[in-house]
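Scroll down for the structure; my scribbles are underneath it.
Quick note: residue numbers are just sequence positions, from 1. As a basis for the values below, the full set of heavy atoms in this structure was taken, side chains included, without hydrogen atoms, waters or symmetry mates. Order of appearance sets the numbers: ligands from 1, and atoms from 1 within every ligand.
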Amino acid sequence: MQISEKSYEVRNLIGGSWENGNGRETEPVYDPATGKVIGETPLSTKEDVDRAVEAAKAAFPGWSSTPVIERARVFFRYKMLLEEHFEELRDLVTLENGKDAKDAGGEVRRGIEVVEFACGMPSLLMGESVRDVARGIDNVSHRFPLGVVAAITPFNFPCMVPLWTLPVAIAAGNAYILKPSERTPLSAIRLGELLAEAGLPEGVFNIVNGARDAVNGILEHPGIEAVSFVGSQPVAEHVYRHGAAHGKRVQALAGAKNSMIVMPDAVLEKAVPNIVSSAYGNAGERCLAGSVLVAVGDVADEVVGRIREAAAAMKVGPGYEEGSELTPVIRDSHRDKVRSYVDSAEEEGASVVLDGREPPREEGFFFGPTILDEVTGEMRVAREEIFGPVLSVVRVGSLKEAVDFTNGSPFGNACSIYTENGAAVRYWRENVEAGMLGVNVGVAAPMAFFPFNGIKDSFYGDLHATGKDGVRFFTENKVEIARFLSEPGTAEAVKRPTESGA
Ligand code: NAD
């Protein structure tokens, strides 16, 4: 049977037991390529969150006192299991999210890289020390896990985003609750099954499926110390404010509006395929998608012409069909939203040079590749995240204007520049307001050992996910200052503890 013809049971994982919906309300999970329902996500309640917190709390003392090298070994085994099940995980991502095998495989690979990073936890947890800060006194810092922590994740990376935090948080000694997107819950279940197979004790990793109620249950729960969120800007802001008001440490990674600046000297034969893949890969549903092309000077006509030609030739189809280049968006309602952005741009005076509004396939949630030219900074499409296969083109006269346009956005996730000119790169890097920068790279994703680094309205909090930031986010320091009072080197100092029976 093809993967898309199966039906999946979406279960919670609480204290090592897989639970079905138990009569909870549900929300359908679709295969976006066909529009068929492939499962039902139970909308868990605050009471379910409560039970998950109790299970995690019960598991925490045993897990946090397990030596860090043993905790790391679970992740060495997990890494091998993820490799063994790589294709299965990739296909699950394609099924529930819609993206093609190349993107889905890339997502699983990026997730595995965080597991590899977490395998180094014995080194990552090292504290600092200064001996003899005064005579005979040493000052040392130690890292401790926080307790029960939670992550709330989006639909667009159902495997990678949970893996941004779970290996780091758990290898650092925390017990963890995952609330996956209700639209893409299947990958998380497989991640949980494989974690158990790797030997993680019951209750250390839990899954509570659902939506708003489950999220608010997490944010308000006094037993949860820290929350990592990834999703859209309004929800990120809510999670940050509400979580902080309930005394939690919060990191909230939010939406984006990323510019790709094309300079007149850009190497277009290589830049254009990269720009097309940034704008239309994963149907534009990436927080690192290049969604605005800022063309500097006289390069505009040529670059728009080449992109139009390449985008119009893209093969539209399901991610699990060989050769598909433009895959569906996540839901029909989301397709309507993308369409309304194109309508509004046209009404505001943009020119639609490639129009994908007419569904390119009968079934599924497909939206054709779209290019909006002559976009200006005031238009909605220049300011708001569309999250679909729509590229807006802004024409400017200089690099300074390109940077000023980019900085006019409330978001600050990523920005790319296409040029061979080092001075231009330097000016841009020093002045542009974005946390992730790409030079001739359209999807500026940092490796697992660096932070995923949005700024402005693309991020709420202090410490980012992944890299050493992730380790700091999921641990706290104790700083110890110590001296010993008996005379060193004397028989007295060695004898006394034994004599007292200590
Ligand atoms: P979303 O905000 O709709 O959902 C994210 C999570 O929040 C889900 O688990 C969902 O159940 C929950 N949620 C949704 N509405 C809620 C509400 N009203 N109250 C409480 N919880 C709620 O985001 P999405 O559509 O799943 O994901 C796409 C968004 O995520 C885009 O904006 C994208 O840019 C962003 N994203 C950002 C990054 C990043 O690193 N900055 C990475 C991936 C995705």
Side-chain angles (χ1 to χ4, degrees), residues 10 27 29 32 41-44 46 49 96-99 103 107 110-111 114 150-165 177-185 187-188 207-220 227-243 250-258 282-291 329-331 333-335 337-338 384-388 409-414 434-436 443-446 450-461 464-467 469-470:
V10 182
E27 183 163 323
V29 182
T41 303
L43 299 179
S44 302
K46 292 186 177 179
V49 172
E96 61 178 344
N97 171 277
K99 66 181 71 171
D103 266 43
E107 147 159 21
R110 281 299 168 105
V114 186
I152 300 158
T153 54
F155 80 82
N156 65 330
F157 284 92
C159 182
M160 181 185 80
V161 172
L163 286 176
W164 272 355
T165 54
I177 299 170
L178 176 64
K179 205 301 285 169
S181 168
E182 65 278 25
R183 292 184 274 185
T184 52
S187 304
I207 303 176
V208 178
N209 283 290
R212 204 184 174 128
D213 284 352
V215 170
N216 289 329
I218 287 170
L219 297 176
E220 291 161 16
V227 176
S228 174
F229 172 88
V230 182
S232 61
Q233 184 276 326
V235 185
E237 189 172 350
H238 162 73
V239 166
Y240 184 69
R241 288 177 186 276
H242 204 57
V250 183
Q251 61 177 201
L253 286 72
K257 189 80 200 170
N258 308 315
N282 199 2
E285 291 175 332
R286 289 184 186 136
C287 70
L288 291 179
S291 73
V329 298
I330 192 70
R331 292 287 178 271
S333 54
H334 186 57
R335 178 164 62 173
K337 192 172 157 197
V338 175
E384 296 176 21
E385 184 177 44
I386 303 174
F387 229 52
S409 168
F411 294 109
N413 218 35
M436 290 173 277
V443 179
F450 284 96
F452 202 87
N453 212 40
I455 59 173
K456 293 170 78 179
D457 284 2
S458 293
F459 180 74
Y460 297 84
H464 292 79
T466 74
D469 266 25

Find out whether Leu43 and Glu27 are in side-chain contact, i.e. whether some heavy atom of one side chain is under 4.5 Å from a heavy atom of the other.
yes
Which residues pass the salt bridge (charged side-chain N to carboxylate O under 4.0 Å, His left out) test with Glu107, not counting sequence neighbours?
Lys99
Under a plain distance cut-off of 3.5 Å, with no hydrogens placed, do Ser187 and Glu96 share a side-chain donor-acceptor pair?
yes
If we only count heavy atoms from C-beta on, is the Trp164 to Arg110 side-chain gap below 4.5 Å?
no
Give every pair made of an N or O atom of ligand 1 and a protein N or O atom lying under 3.5 Å apart, one pair per line with both atom names and the distance to 0.1 Å, or write 'none'.
residue  : atom   : partner : partner atom : Å
ligand 1 : 2 (O)  : Ser232  : N            : 2.9
ligand 1 : 2 (O)  : Ser232  : OG           : 2.6
ligand 1 : 9 (O)  : Thr153  : O            : 2.8
ligand 1 : 9 (O)  : Lys179  : NZ           : 2.8
ligand 1 : 11 (O) : Lys179  : NZ           : 2.7
ligand 1 : 11 (O) : Glu182  : OE1          : 2.6
ligand 1 : 23 (O) : Ser232  : N            : 3.4
ligand 1 : 25 (O) : Arg183  : NH2          : 2.8
ligand 1 : 26 (O) : Phe155  : N            : 3.0
ligand 1 : 30 (O) : Gly231  : O            : 3.2
ligand 1 : 32 (O) : Glu385  : OE1          : 2.6
ligand 1 : 34 (O) : Glu385  : OE2          : 2.6
ligand 1 : 41 (N) : Ala254  : O            : 2.7

Would you say Glu285's side chain and Ile330's backbone share a donor-acceptor pair under 3.5 angstrom?
yes
Tyr460 side chain near Val250 side chain, heavy-atom distance below 4.5 Å:
no
